[in-house]
Amino acid sequence: AQSVTQLDSQVPVFEEAPVELRCNYSSSVSVYLFWYVQYPNQGLQLLLKYLSGSTLVKGINGFEAEFNKSQTSFHLRKPSVHISDTAEYFCAVTHGQNFVFGPGTRLSVLP
Amino acid sequence: GAVVSQHPSRVICKSGTSVKIECRSLDFQATTMFWYRQFPKQSLMLMATSNEGSKATYEQGVEKDKFLINHASLTLSTLTVTSAHPEDSSFYICSASVSGLLLNTEAFFGQGTRLTVV
């Protein structure tokens with residue numbers, strides 16, 4: 001079984017500041033890792049994913065994430081956030097079937 | 001990228017009635033579709049997995065007689081909430097995996113359906 005932990009339920013940050021959203025996972029098998037963003041009353045949009053290869057993954061909207069196998073982490077980063085980045089962010093894992101989602105982190109970008 | 005269309009986006013129904021939610025893969029064939037439920041300010045929880053032409057597999061604690069899932073074709077899966085009650089009010093999201101890919105390395109999500117039972 002897999003599980004995903006997102007330690008921060010809410011992250012407020014000022015516009016143009018850097019941000020890191022933390023994600024840790026637990027799994028007895030190899031998994032693939034994802035970050036999704038959800039805007040209010042909308043579905044999920046894929047930000048980025050790690051399947052194999054380079055542990056630093058670049059996604060859309062300037063986001064990137066680094067897979068750290070020893071620490072079982074997949075933290076999401078952005079060097080400079082915008083107001084439009086305000087949303088809910090979900091870390092998820094799959095071993096090839098359904099996805100297991102973390103509880104989500106609410107990123108609020110303040111002017 | 002692949003598109004999954006979910007309909008309706010919002011629905012309000014009276015307690016005791018049934019509501020059907022459709023999930024369509026518009027430009028690919030989806031052998032497997034997943035239905036998730038999201039309570040306010042919470043994460044998505046898998047309800048069931050549906051494979052085309054066979055019965056859905058429900059997660060523990062999900063009432064199969066209440067949440068009827070039909071996956072009659074490779075492009076359409078439906079979730080019917082029967083005899084809805086206010087506690088069924090939630091955000092329901094479907095996702096579809098692309099057949100032929102090596103493992104389910106990406107899921108394409110619908111826009112979600114906000115169900116409110118009054």
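For clarity, every value in this text was computed on a predicted model and none was experimentally measured. Quick note on labels: first sequence line is chain A, next is B, and so on, each numbered from 1.
Proximity to chain B (any heavy atom under 4.5 Å) is restricted, for A:Gln38, to the side chain, taken from C-beta onward.
Comparing B:Met45, B:Arg10, B:Gln6 by heavy-atom pairs within less than 4.5 Å of chain A, the highest count is held by B:Arg10. For the set B:Leu44, B:Ile93, B:Val4, B:Thr113, the count of heavy-atom pairs under 4.5 angstrom toward chain A peaks at B:Leu44.
The ring of B:Phe28 has its center closer than 6.0 angstrom to the ring center of B:Phe108. Taking the six-membered ring where the residue is Trp, the centroids of A:Phe74 and A:Phe34 are separated by 6.0 Å or more.
Checking each of B:Thr31, B:Thr57, B:Thr32 against B:Asn51 for a side chain to side chain donor-acceptor pair (under 3.5 Å) leaves exactly one that passes, namely B:Thr32.
In this structure, the side chain of B:Gln38 does not engage the main chain of B:Ser43 through any donor-acceptor pair within 3.5 Å.
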